[in-house]
Student: 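Next up is a structure, given as structure tokens.
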Amino acid sequence: MTLDVATPDRPKLESAIDAEEYDDVTVEGDEYRRDELAEALDDGAWADAFESWAAETSLDEADWDVVTDLDLIEEFDFFWDSFAGRVGYHAPGLPENWRERDIHPDIQSWETVSSINASLTELGQVVCDVLADDYLDWEADEVDAGDLPDF
């Protein structure tokens, strides 16, 4: 299924946010390289990733309207995880208590909430993949064998 909508502006990457504060990611290090990632997104990575994602997503235009009404794209964060040698991300999502909070009149089911949350997670991963495959040539920091976890 194709989502036929205009590519939204890329999210602003907030350099003051510590990626360790997110519940959904684990990051080693504190050099997130957000300015460089923002440049790569502006150089076409965001548009390329969004186009690729939109061509494959199961999200429909009504659900996309919810995403844009709530400015969820702006809540994305992308950052460099130097220890893992990868671009990490934090995807926005609708809260579990969406019904009690009455956050949007077009959200009437868990199916809608789940579809939006899963689709935004997929978008975050596509952006990371496009950045890594086509826009960045960064390597992981050299790690001393003493720094590696014991298994």
Side-chain angles (χ1 to χ4, degrees), residues 1-136 138 140 149 151:
M1 183 174 172
T2 299
L3 179 63
D4 188 20
V5 297
T7 301
D9 292 339
R10 72 155 174 89
K12 293 177 181 71
L13 304 183
E14 299 292 331
S15 59
I17 296 174
D18 183 351
E20 286 292 320
E21 294 178 23
Y22 298 129
D23 293 336
D24 59 343
V25 295
T26 302
V27 180
E28 299 289 329
D30 58 3
E31 184 60 41
Y32 301 127
R33 299 176 82 166
R34 287 188 176 105
D35 290 339
E36 294 165 273
L37 290 170
E39 281 183 35
L41 291 171
D42 287 339
D43 288 345
W46 177 254
D48 291 350
F50 188 84
E51 180 180 312
S52 176
W53 171 81
E56 301 293 325
T57 188
S58 61
L59 204 66
D60 63 26
E61 289 187 28
D63 291 345
W64 178 250
D65 288 343
V66 172
V67 170
T68 58
D69 289 350
L70 296 175
D71 292 324
L72 293 177
I73 295 299
E74 187 56 40
E75 294 180 31
F76 266 102
D77 189 17
F78 298 95
F79 46 85
W80 179 247
D81 181 346
S82 60
F83 186 78
R86 66 177 177 86
V87 177
Y89 70 97
H90 168 74
L94 300 173
E96 290 182 16
N97 64 349
W98 59 271
R99 193 177 306 271
E100 293 84 19
R101 291 178 53 190
D102 194 29
I103 60 174
H104 195 281
D106 293 338
I107 301 174
Q108 300 296 320
S109 71
W110 273 108
E111 181 180 358
T112 299
V113 171
S114 295
S115 176
I116 289 172
N117 287 349
S119 295
L120 291 176
T121 298
E122 291 166 359
L123 174 57
Q125 187 59 56
V126 171
V127 171
C128 290
D129 292 345
V130 167
L131 283 165
D133 294 346
D134 302 329
Y135 288 86
L136 305 176
W138 299 344
F151 294 102

Student: Answer yes or no: does atom CG of D9 have more than 12 heavy-atom neighbours from other residues, nucleotides or ligands under 6.0 Å?
Tutor: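 At most 12 heavy atoms, drawn from other residues, nucleotides or ligands, come within 6.0 Å of this atom.
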
Student: Considering all heavy atoms of both residues, which atom of R86 and which atom of W80 are nearest to each other, and what is their separation?
Tutor: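 Heavy atoms of R86 and W80 come nearest at O-CE3, 3.2 Å.
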
Student: When you compare the side chain of D60 with that of L3, does any pair of heavy atoms fall below 4.5 Å?
Tutor: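 No - every pair of side-chain heavy atoms lies 4.5 Å or more apart.
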
Student: Would the number of heavy atoms belonging to other residues, nucleotides or ligands and lying under 6.0 Å from CD of E74 be above 12?
Tutor: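 Result for CD/E74: enclosed.
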
Student: Only counting residues at least two apart or in another chain, list the ones meeting side chain to side chain contact (heavy atoms under 4.5 Å, CB included) with D106.
Tutor: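 Listed in chain order: V66, H104.
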
Student: Return all side-chain donor-acceptor pairs below 3.5 angstrom for residues 40-50, not counting sequence neighbours, or 'none' if the list is empty.
Tutor:
unit_1: D42; atom_1: OD1; unit_2: R10; atom_2: NE; d: 2.6
unit_1: D42; atom_1: OD2; unit_2: R10; atom_2: NH2; d: 3.3
unit_1: W46; atom_1: NE1; unit_2: P8; atom_2: O; d: 2.7
unit_1: D48; atom_1: OD2; unit_2: Y135; atom_2: OH; d: 2.5

Student: Could you check whether any side-chain heavy atom of I73 comes within less than 4.5 Å of a side-chain heavy atom of T68, counting everything from C-beta outward?
Tutor: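 The answer is no, as the side chains (C-beta and beyond) never meet within the 4.5 Å cut-off.
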
Student: A side-chain contact here means heavy atoms from C-beta on lying under 4.5 Å apart; do L13 and F78 qualify?
Tutor: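 Yes, close enough: below the 4.5 Å cut-off.
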
Student: Is atom CD of E100 surrounded by more than 12 heavy atoms (other residues, nucleotides or ligands) closer than 6.0 Å?
Tutor: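 It does: E100 CD has more than 12 such atoms within range.
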
Student: Which atom pair, heavy atoms only, marks the closest approach of L70 to I103?
Tutor: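 Nearest heavy atoms, L70 then I103: CD2-O, 3.5 Å.
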
Student: For the atom pair CG (L136) and CD (E36), what is the distance rounded to the nearest 0.5 Å?
Tutor: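 It comes to 8.5 Å.
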
Student: Would you say the side chain of V130 lies within less than 4.5 Å of the side chain of W53, judging by non-hydrogen atoms?
Tutor: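 Not in contact.
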
Student: Within this structure, what is the CZ-CD distance for the pair R33 and E39, rounded to the nearest 0.5 Å?
Tutor: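 It is 11.0 Å, given to the nearest 0.5 Å.
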
Student: Could you pull out every donor-acceptor pair under 3.5 Å between side chains of residues 114-129 and any protein atom, sequence neighbours left out?
Tutor:
unit_1: S114; atom_1: OG; unit_2: W110; atom_2: O; d: 3.0
unit_1: N117; atom_1: OD1; unit_2: L94; atom_2: N; d: 2.6
unit_1: N117; atom_1: ND2; unit_2: L94; atom_2: O; d: 3.2
unit_1: S119; atom_1: OG; unit_2: S115; atom_2: O; d: 2.8
unit_1: T121; atom_1: OG1; unit_2: N117; atom_2: O; d: 3.0
unit_1: Q125; atom_1: NE2; unit_2: D129; atom_2: OD1; d: 2.8

Student: What heavy-atom pair brings E61 and D4 nearest, and what distance separates the two atoms?
Tutor: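 Scanning both residues, the minimum pair turns out to be OE2-O, 3.5 Å.
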
Student: Using side chain to side chain contact (heavy atoms under 4.5 Å, CB included), reason through R99 and V113 one step at a time and then give a plain yes or no.
Tutor: CA-CA 10 Å; R99 193 177 306 271; V113 171; over 6 Å; no

Student: Test side chain to side chain contact (heavy atoms under 4.5 Å, CB included) on D81 and V87; report intermediate values, then the result.
Tutor: CA-CA 6 Å; D81 181 346; V87 177; over 6 Å; no

